[in-house]
There are 2 protein chains.
Amino acid sequence: MEREMELLWGLDRSEPRRGPKPGLSRGSVVAAAVALADAEGLEAVSMQRVAKELGYTTMSLYRYVDSKEDMLALMGDAVMDVEPPAPREDGDWRAGVEEWAHGVTNVYRLHPWSVYLPLSGPPSGPNGLRWMESGLRELVASGLETGPAVQILTMLSAAARETLRIELEMGRAARETGSTMADIGRDYSTGLRRVVTEERFPTIARLLREGALEEEPPPGSADGVAGPVDDMHFAVRRLLDGIEAYVERRRAAGAPERD
Amino acid sequence: MEREMELLWGLDRSEPRRGPKPGLSRGSVVAAAVALADAEGLEAVSMQRVAKELGYTTMSLYRYVDSKEDMLALMGDAVMDVEPPAPREDGDWRAGVEEWAHGVTNVYRLHPWSVYLPLSGPPSGPNGLRWMESGLRELVASGLETGPAVQILTMLSAAARETLRIELEMGRAARETGSTMADIGRDYSTGLRRVVTEERFPTIARLLREGALEEEPPPGSADGVAGPVDDMHFAVRRLLDGIEAYVERRRAAGAPERD
DNA sequence: CATAAACTGTTTATCTCATACACGTATAAG
DNA sequence: CTTATACGTGTATGAGATAAACAGTTTATG
């Protein structure tokens with residue numbers, strides 16, 4: 001944890017006094033890696049490949065980054081270098097939280113590979129913390145204590161990451177088979193139908209019967225389909241409802257109870 | 001998707017007619033890999049190592065598994081081979097859902113490496129589907145439609161995985177530095193204090209001031225500390241509150257509105 | 001100003017992996 | 001009995017991370 005924070009905040013690497021001018025910098029290395037991942041995916045990101053992209057030898061990268069693992073961690077924070085939503089003027093915290101959830105999703109969407117990065121704990125880099133600040137701010141505006149707000153935020157970002165991952169996976173499958181996202185949903189359904197029996201999986205069977213996995217495409221969505229991420233907001237709104245009820249209840253009771 | 005389902009359900013591999021008796025089976029290979037991961041972590045799982053564990057050569061594994069990727073997918077479903085909670089008699093769907101959330105967390109906890117497995121979509125293996133069925137059943141008992149129930153379940157399992165991952169990461173850090181989980185929480189706090197300023201991160205600053213990250217250990221928890229996973233249930237309960245309110249509202253309105 | 005310390009980028013080498021391919025052998029079907 | 005098939009092995013390839021030694025470049029310092 002210590003190490004990771006020093007890494008992400010650049011608190012190591014005191015500025016050098018002697019020796020040749022560095023041709024690269026930690027920033028340029030990370031930027032090249034990010035660009036490469038954007039263009040060809042995370043699998044394409046090897047030290048050799050990043051170095052080639054920069055026109056240097058593989059080992060030169062190790063002057064700027066201690067290991068590939070470190071580089072990946074830096075890429076993770078670099079991706080979040082987007083301004084999070086500004087504080088709302090209207091005090092509508094529900095809208096604020098939803099906006100935040102949309103925001104993170106969109107940030108990830110700009111660099112889809114980033115949802116596959118091996119994370120190691122809560123955010124600790126400058127950009128990650130900026131987003132955390134922004135999300136917490138809105139949640140605390142609801143009247144929640146800071147502790148509970150952290151729990152909620154964790155759930156929200158987990159859901160955003162996971163849901164987007166599923167959507168991306170569907171997109172990849174669609175691209176590979178040359179079909180649409182709607183087709184993939186149907187494929188999944190038919191796949192399930194092959195193994196889901198009424199006795200062993202009654203609820204899933206019902207799900208298939210009701211066609212919940214092959215939804216109506218609302219007009220105006222990217223590829224003609226809602227997609228998991230749009231659907232996610234149903235769950236987000238339930239969570240917001242729950243928070244509202246909780247805060248209300250506590251206010252009424254004079255804030256003694258915690259649950 | 002097609003391929004993955006056939007893999008996980010063993011719909012490929014028709015029984016062979018000629019040739020020597022196989023010394024291994026897909027099951028034994030996967031079991032060995034799981035055992036190895038349990039003992040030494042996912043990093044230790046290489047084809048070479050699994051083969052050695054079984055007393056065979058590396059390449060022999062490829063008679064049973066097409067690739068390491070496939071093996072990992074099989075391991076992922078194998079881990080879920082635990083009986084999910086049985087249907088509740090008392091009809092207390094809230095308790096049912098919480099029990100389910102505890103259940104998945106505990107299943108993952110038995111094989112911590114499993115939260116680091118690269119997932120590729122919604123569950124499609126027999127064991128994963130059993131858990132999905134169990135969770136959906138409880139959610140649907142609340143009065144939710146099947147579609148929305150899937151969204152909620154996705155959020156729940158994402159949160160469980162992510163939260164446990166954070167807890168495990170803390171545990172690893174604690175083990176490495178020879179300290180306790182409580183120490184790690186304090187370390188994170190002091191680390192943050194070094195970079196969190198009142199102007200740029202007012203809410204996080206408040207969080208630190210209130211010591212929300214260094215909580216009181218409730219008596220009787222593993223290592224003297226609540227840990228992220230216990231905390232998660234606050235968010236779970238809010239979500240349940242929200243579902244309850246939603247179902248109530250819909251019932252009152254004669255179930256026309258959806259949001 | 002000279003020189004040594006501190007850096008930079010390169011070369012070379014090592015180790016670990018996943019996986020392709022060809023081989024010898026066992027076994028059951030015809 | 002013979003032959004197609006499946007099994008386990010040996011060998012080989014190529015990618016990838018990273019360690020170590022080295023040669024060239026600045027700059028602080030005496």
Side-chain angles (χ1 to χ4, degrees), chain A residues 3 7 10 12-33 36-37 39-76 113 116-118 120, chain B residues 3 7 10 12-33 36-37 39-76 113 116-118 120:
Chain A
R3 227 192 69 74
L7 171 70
D12 50 345
R13 298 197 74 73
S14 46
E15 68 296 3
R17 306 247 130 260
R18 323 178 180 200
K21 311 276 176 204
L24 302 171
S25 66
R26 186 168 279 183
S28 65
V29 168
V30 173
L36 179 57
E40 304 183 29
L42 206 50
E43 325 80 55
V45 178
S46 67
M47 298 306 271
Q48 0 265 323
R49 191 58 204 289
V50 173
K52 177 178 292 182
E53 225 61 29
L54 287 163
Y56 283 75
T57 54
T58 306
M59 290 309 292
S60 67
L61 301 188
Y62 287 93
R63 290 281 171 207
Y64 303 95
V65 157
D66 279 350
S67 65
K68 184 178 182 180
E69 200 184 327
D70 279 11
M71 192 176 77
L72 292 174
L74 288 163
M75 290 168 71
W113 46 269
Y116 296 97
L117 280 179
S120 48
Chain B
R3 228 192 67 75
L7 172 69
D12 50 346
R13 298 195 74 70
S14 45
E15 68 296 2
R17 305 248 132 258
R18 322 179 181 198
K21 312 272 174 203
L24 301 171
S25 67
R26 186 169 279 181
S28 66
V29 168
V30 172
L36 179 57
E40 304 183 32
L42 206 51
E43 325 80 56
V45 177
S46 67
M47 298 307 270
Q48 0 264 323
R49 193 56 206 291
V50 173
K52 177 178 293 181
E53 226 60 32
L54 287 163
Y56 283 75
T57 54
T58 306
M59 289 311 292
S60 67
L61 302 189
Y62 287 93
R63 290 278 172 205
Y64 303 94
V65 157
D66 279 350
S67 65
K68 183 178 183 180
E69 201 184 326
D70 279 11
M71 192 177 75
L72 292 174
L74 288 163
M75 291 168 71
W113 47 269
Y116 296 96
L117 281 179
S120 47

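In the text below, chain A, chain B and the rest are named by the order of the sequence lines, each starting its count at 1.
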Separation of atom CG in Leu54(A) from atom C1' in dT8(C), rounded to whole Å: 15 Å
Side chain to side chain contact (heavy atoms under 4.5 Å, CB included) assessment of Val45(B) paired with Glu40(B): CA-CA 8 Å; Val45(B) 177; Glu40(B) 304 183 32; over 6 Å; no
Note: Arg26(A)-Asp66(A) ion pair, threshold 4.0 Å (strictly below): no
Contact under 4.0 Å: Ser60(B) side-chain N or O vs dG8(D) OP1/OP2: no
Smallest separation among heavy atoms of Gly76(B) and Leu117(B), with atom names: CA-CD1, 3.4 Å
Test: Arg3(B) and Asp70(B) ion pair at under 4.0 Å: yes
Residue met sooner reading DNA chain C from 5', once Gly23(A) and Met59(B) are mapped to nucleotides: Gly23(A)
Given dT25(D), dA4(D), dC7(D), the nucleotide with the shortest approach to the side chain of Pro22(B): dC7(D)
Nearest-nucleotide pick for Arg18(B), side chain only, options being dT26(D), dT18(D), dT27(C): dT27(C)
Spacing of Leu61(B) atom CG relative to dC7(D) atom P, expressed in whole Å: 13 Å
Nearest-neighbour nucleotide for the Thr57(B) side chain, dT27(C), dT8(C), dG10(D) considered: dG10(D)
Backbone of Val29(B) reached by a side-chain donor or acceptor of Tyr64(B) within 3.5 Å: no
DNA chain D: 5'-proximal contact among Lys21(A) and Leu24(B) (nearest heavy atom): Leu24(B)
Any residue of residues 41-53 of chain A with a heavy atom less than 4.0 Å from an atom of DNA chain C: none
DNA chain D-proximal residues of residues 63-70 of chain B, any heavy atom under 4.0 Å: Arg63(B), Tyr64(B)
Shortest non-hydrogen contact from Val50(B) toward Met71(B): CG2-CE, 4.2 Å
Atom pair CE/OG of Met47(A) and Ser60(A) - distance to nearest 0.5 Å: 8.5 Å
Separation of dC21(C) C1' from Tyr62(B) OH (nearest whole Å): 14 Å
